[in-house]
2 protein chains.
Amino acid sequence: MARLGVEAIRRQQLIDATLKVIEEHGFQGATIGKIAGASELSVGIVSHYFGGKQGLLEATMRYLLSCLQKDVAIYMAGRPNAPRERLLAIVDANFSGVQTNAQSAKTWLAFWTQAMHSPDLMRLQRVNERRLLSNLVFYLRQLMPTEQARSTAQTIAALIDGFWLRAAMSEGRIEPDQAITLCKSYIDHAIQANNGAC
Amino acid sequence: MARLGVEAIRRQQLIDATLKVIEEHGFQGATIGKIAGASELSVGIVSHYFGGKQGLLEATMRYLLSCLQKDVAIYMAGRPNAPRERLLAIVDANFSGVQTNAQSAKTWLAFWTQAMHSPDLMRLQRVNERRLLSNLVFYLRQLMPTEQARSTAQTIAALIDGFWLRAAMSEGRIEPDQAITLCKSYIDHAIQANNGAC
DNA sequence: TCGTTCATTGAACACCTATTCAATATACTG
DNA sequence: CAGTATATTGAATAGGTGTTCAATGAACGA
């Protein structure tokens, strides 16, 4: 085995196991013992690579955020460079996680809840939120006045979060297609309202 | 002391203490010991009146839901009986909790998270969700076609949840006024779009 | 006043969790 | 093949949690 790669492999093993256990047993039921069992490693390895449970949870959230960021990049790369197309790509990317894994919404919600009492997690969450907002504002400003762009961005962000929340609550029977359709519908309405149409 | 009223008083004491402790220490940090301390009662009383910690948490969520329902009734009573007014009242009611207590959003989020792994809490959450949706659809149908009313209701519901989530995350620096304004703005846009205006 | 019922207490208990660290296994080096 | 460093283990530990229940306190009726 590649000696230098062991650490990276083990870390990812543990992060994957953490996601799996949270999905299955919830945030509260995600114990070191269960995570170690799911990763087929020992309980001691968590402290060795992450300094403790908290470190593993932070790393797991960081991983989820990086996946989201990567999805945004991918969806944008596959579309023409026009403001409206960029906005729709952002919506698609933000719901791609729901499509691939219905349970992942639960994990996000668990992290959000945990973040309120953990400054480190909260900071991560804030960075992600600001990135989404500034992304939205950037493209909306090319379609409407700055002030209105800001309001519309806030509304789109709330809409995305709201549909995620509903997806998490609906226990598998989610319809991300509907959420995407409604989000895009709102975006087009907001654009048309400023296009001087009529 | 009124002998027959003791039970009701104690139950409310414990529910109030639960809300206070969750606000302060989060859902995970809300232990029987802390709740008992905050209520100035003993740890044994929880099992006596609620059968255990889980029972107390369910009763607390039930209490929050009943408060929300009461708020909706109050805000509706204070406005004229017109579809648009009713819709705006629903928005106001759903954000009244944030205004009075910035931290209560955290408690809601904690309950949502908990609900995913507790069938009883999930059932309560579903009932509440359906009530909000059917309420919205009822009034929207008087302003637009049924199909569009359904979509708009879904969007409004997601918008409300999304702004609640952002309120919970923003750690006190929330601006419910802005959330209310944006929700109402969306409602008016949706109504005008179907009014054949232009 | 005494006896009875209801309300409340909180120490004792059993259970669970994260962390630690000496022992062991594994993989590289000379 | 030693020898050394690294990687991994998992039993032992310490701390914390919810629940129980015998004992105590308070209020009421006869």
Open item on the list: Using a heavy-atom cut-off of 4.0 Å across all strands, would you classify A:Tyr49 as base, sugar-phosphate, or nothing?
Closed with: sugar-phosphate
Task: Euclidean distance, atom CZ of residue A:Arg11 to atom C1' of D:dT8 [Å, nearest integer] - done: 16 Å
Open item on the list: Expressed as a whole number of angstroms, how long is the span from A:Leu41:CG to C:dA18:P?
Closed with: 16 Å
Report, one pair per line, the protein and nucleotides 17-20 of chain D atoms (nitrogen or oxygen only) whose separation is under 3.5 Å.
residue : atom : partner : partner atom : Å
D:dG18  : OP1  : B:Lys53 : NZ           : 2.6
D:dG18  : OP2  : B:Ile32 : N            : 2.8
D:dT19  : OP2  : B:Lys53 : N            : 2.9

Task: Partner of B:Ile187 by side chain to side chain contact (heavy atoms under 4.5 Å, CB included), out of B:Thr155, B:Thr152, B:Val91, B:Leu136 - done: B:Val91
- [ ] Would you kindly give the NE2-to-P distance between B:His25 and D:dG16, to the nearest whole Å?
- [x] 13 Å
Open item on the list: Are there over 12 heavy-atom neighbours, none belonging to A:Arg141, within less than 6.0 Å of that residue's CZ?
Closed with: no
Open item on the list: For B:Trp164 and B:Phe95, take the angle between the two ring planes, folded into 0 to 90°, and tell me which bin it lands in: parallel under 30, tilted 30 to 60, perpendicular over 60.
Closed with: parallel
TODO: To the nearest Å, give me how far apart CD (B:Gln13) and C1' (C:dT8) are.
DONE: 12 Å
Task: More than 12 heavy atoms of other groups within 6.0 Å of A:Lys20 NZ - done: no
- [ ] Evaluate whether atom NZ of A:Lys34 has more than 12 neighbouring non-hydrogen atoms of other residues, nucleotides or ligands under 6.0 angstrom away.
- [x] yes
Task: Contacts of A:Gln154 that satisfy side-chain contact (heavy atoms from CB on, under 4.5 Å) - sequence neighbours left out - done: A:Leu133, B:Arg166, B:Gln178, B:Leu182
Open item on the list: Is the phosphate of C:dA7 approached by B:Arg10 (side-chain N or O, under 4.0 Å from OP1 or OP2)?
Closed with: no
Task: A:Ile35 CD1 to C:dA18 P, straight-line distance once rounded to whole Å - done: 8 Å
Task: Nucleotide D:dG25, atom C1' - distance to CD1 of B:Ile45 in whole Å - done: 12 Å
TODO: Would you kindly give the NE2-to-P distance between A:His48 and C:dA22, to the nearest whole Å?
DONE: 15 Å
Task: A:Leu14 CG to D:dT9 P, straight-line distance once rounded to whole Å - done: 10 Å
